[in-house]
K.L.:
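This is the structure I have questions about; it appears just below.
Ligands are counted one by one from 1 in listed order, and the atoms in each one are counted from 1 as well.
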Amino acid sequence: MRVNEPWWKTAVVYQIYPRSFADSNGDGMGDLPGVIGRLDYLQRLGVDVLWLSPVYPSPQDDNGYDISDYQGIEPVFGSLDDFDILVREAHARGMRIVMDLVVNHTSDEHPWFVESRSSKDNPKRDWYWWRPPRPGMQAGHPGAEPTNWASFFSGPTWELDPATGEYYLHLFSRKQPDLNWENPEVRQAIYAMMRWWLGRGVDGFRMDVINMISKDTSLPDGVPFAAGGLGNGWPHFVCGPRNHEFLAEMNREVFGDRPLLTVGEMPGVTLEQAVEFTAPERREVDMVFQFEHVNLDQGASKWDIRPFHLRDLKATFGRWQAGLAEVGWNSLYWNNHDQPRVVSRYGDDGPCRVKSATMLGTVLHLHRGTPYVYQGEELGMTNAPFTGIDDFRDIESVNHYKEAVTAGQDPAAVLAALRFMSRDNARTPMQWDDSPNAGFTTGTPWLAVNPNYKDINAAAAVADPDSVFHHYRKLIELRHTEPVVAHGDFTMLLPNDEHVYAFTRSLAGVELLTLGNFTGRSIPVDLPGWAGEKLILGNYPPDGNDGGIVLRPWEARVYRRTV
Ligand code: NOJ
């Protein structure tokens, strides 16, 4: 452990998806006063940082990831006064606030874009990616788009604006035009906005798809997914040529020496790239969100669901732990607002829900890196029993259904994939208690509450010492009190075992062994010498067996010894 380690190495972040967290005024959408009302709950859990998904003014095409004003609060969520109160009240409880920074794109209703689209010679024209139709083709004809790239939310990444006869680029929905970071005015406007939020007291930024801000300016076509169809633009906009330069500039212009937390969301980032993004001396970002461990159950696309193999998870995490051991830092997460619930995905959301949720939490939190808890994960919230397409609200899910069914796929199969993988699984309202709508709202929730809220809710969990909540509370406390959890070296054990996740952490003569049984059966573990050591955390009562270790279904154990 080095001296003067940054504070976020011992911190745990809690992600709030405000529209689904707590509704204070009965309009069916969560809001900032709702968050303020739950700060004591979060303090009790023990988290250090609250990351707020976007609360800025927005047409809500992508639930706020389409921002029309970077320096305000969406009225549905409250006001800037509410925001200031939230910052003050969180700080008073020892918790910091991290904002979602969505600057790869704006909303098409942002005044910058409204100006930009108004004419070809508008001074803001170059703030976005405008291009004429493909040479020799007529605007509006299929295939006339400047590139063949597929959008994340189905269809092409280009939208024709009939007023000027040119297309604009949108990697996400057509209401999310991409900003042109090549233009220094764009960058300066973003930095000024970021400084303004820091002036309001925020403690850092989670940067949305920040590895997509630098594109290959020659805009080449991607390899088509199918003959004559849309192509894969990833190689041309992921971790592009000026990505490091832009982040270093942002860091210089905005962060200075403030003790902030910065985390870049980076789909497709490789370990080698992550080392560069997070190396402290390069002064870019503190950590990145990588995606390898949440892509393990997917084939060609996220809707192509494959069996999950524990060995793959170990290989992935093991590589990232080793790769960022000397330089840089890991973020650790199972869940966020884009991922299905982990207990339904890599655990068992049936009879072993509590055991598997606590085992998954233990394995993750004992790794080296900064853990992120997504709202409801600390309750073991599960995927939702969506029955038809009308139950979904997420633009990605709804668009995919339309596109896939139009292309001739079996609607039942498309629905089955959505039920497992849709982002709406993460977005069902937070389950506070067993009153109507789980205590989330007195109105009609914008997305149906998961009917299992009568059993799975915060009030019940707080009252039950064996709940997922209290297990997460202990994990967070352990990180705060036991230096080896934050700073120790990591060694993966049993890499080829298909059932048991096992690793040690060690620092200054203290060694921890973490074990997780990823099955619903009892499994003996062949790790001699540990059975009699001190068990400092587990999700079962001790079995009193000092002879050898036999893990019970979904059991997790953390042993400690001094060497
Ligand atoms: C990543 C965000 O996490 C996701 O929710 C959003 O749809 C896209 N970026 C676009 O902003």
K.L.:
If you measure from each non-hydrogen atom of H337 to ligand 1, which part falls under 4.0 Å: side chain, backbone, both or neither?
P.N.:
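Side chain only.
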K.L.:
Taking the basic N atoms (NZ, or NE/NH1/NH2) and the acidic carboxylate oxygens, is any pair closer than 4.0 Å for E292 and R319?
P.N.:
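Salt bridge flag = yes for R319 with E292.
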K.L.:
Would S344 and N425 count as having a side-chain donor-acceptor pair, cut-off 3.5 Å?
P.N.:
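N425 and S344 do not have a side-chain donor-acceptor pair below 3.5 Å.
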K.L.:
Could you check whether any side-chain heavy atom of V49 comes within less than 4.5 Å of a side-chain heavy atom of T370, counting everything from C-beta outward?
P.N.:
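In short, these two side chains do not touch, never coming nearer than 4.5 Å.
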K.L.:
What residue and atom, counting heavy atoms only, is the protein's closest point to atom 8 (C) of ligand 1, and at what distance?
P.N.:
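Result: F172 CE2, 3.7 Å.
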K.L.:
For ligand 1, which atoms have a heavy atom of R423 less than 4.0 angstrom away?
P.N.:
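That gives atoms 4 (C), 5 (O), 6 (C), 7 (O) of ligand 1.
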K.L.:
Check Q339 against ligand 1 and report side chain, backbone, both or neither, counting heavy atoms closer than 4.0 Å.
P.N.:
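Within the 4.0 Å criterion, Q339 makes no contact with ligand 1.
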K.L.:
With under 30° as parallel and over 60° as perpendicular, where do the rings of W181 and Y191 fit, or are they tilted in between?
P.N.:
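Judged by the thresholds at 30° and 60°, the geometry between W181 and Y191 is perpendicular.
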K.L.:
Below 4.0 Å from ligand 1: does a non-hydrogen atom of F152 turn up there or not?
P.N.:
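In this structure, F152 fails to qualify as a contact of ligand 1 - no heavy atom is under 4.0 Å.
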K.L.:
What residue and atom, counting heavy atoms only, is the protein's closest point to atom 11 (O) of ligand 1, and at what distance?
P.N.:
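For atom 11 (O) of ligand 1, the nearest protein heavy atom is D208 OD2, 2.7 Å.
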K.L.:
Does a side-chain N-to-carboxylate-O contact under 4.0 Å join D216 and R242?
P.N.:
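Looking at R242 together with D216, the answer is no, because their closest N to O distance does not fall below 4.0 Å.
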K.L.:
Name the one of F83, W197, F77 that satisfies ring-ring contact (aromatic ring centres under 6.0 Å, His included) with Y56?
P.N.:
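The single option meeting the ring-ring contact (aromatic ring centres under 6.0 Å, His included) with Y56 is W197.
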K.L.:
May I ask you to list the atoms of ligand 1 that are less than 4.0 angstrom from any heavy atom of F153?
P.N.:
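By the 4.0 Å cutoff, the relevant atoms are 7 (O).
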K.L.:
State plainly whether the residues D349 and R341 are in salt-bridge range, i.e. N to O under 4.0 Å.
P.N.:
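No salt bridge links D349 with R341.
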K.L.:
Does ligand 1 have an atom under 4.0 Å from some heavy atom of R427?
P.N.:
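Yes, R427 has a heavy atom closer than 4.0 Å to ligand 1.
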K.L.:
Tell me whether M212 reaches ligand 1 (any heavy atom closer than 4.0 angstrom to a ligand atom).
P.N.:
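No, M212 has no heavy atom closer than 4.0 Å to ligand 1.
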K.L.:
Considering only protein heavy atoms, which is closest to atom 7 (O) of ligand 1, and at what distance to one decimal place?
P.N.:
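Heavy-atom neighbour on the protein nearest atom 7 (O) of ligand 1: D62 OD2, 2.5 Å.
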K.L.:
Looking only at protein heavy atoms, which one is nearest to atom 5 (O) of ligand 1, and how far off is it?
P.N.:
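Protein heavy atom at minimum distance: D338 OD1, 2.8 Å.
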K.L.:
If you count the atoms of ligand 1 from 1 in the order shown, which ones are under 4.0 Å from a heavy atom of H105?
P.N.:
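Taking each heavy atom of H105 in turn, ligand 1 has 10 (C), 11 (O) under 4.0 Å.
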K.L.:
Check whether NZ of the Lys or CZ of the Arg R131 lies under 6.0 Å from the centre of the six-membered ring of W158 and within 45 degrees of that ring's axis.
P.N.:
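Not flagged: R131 not positioned over aromatic ring of W158.
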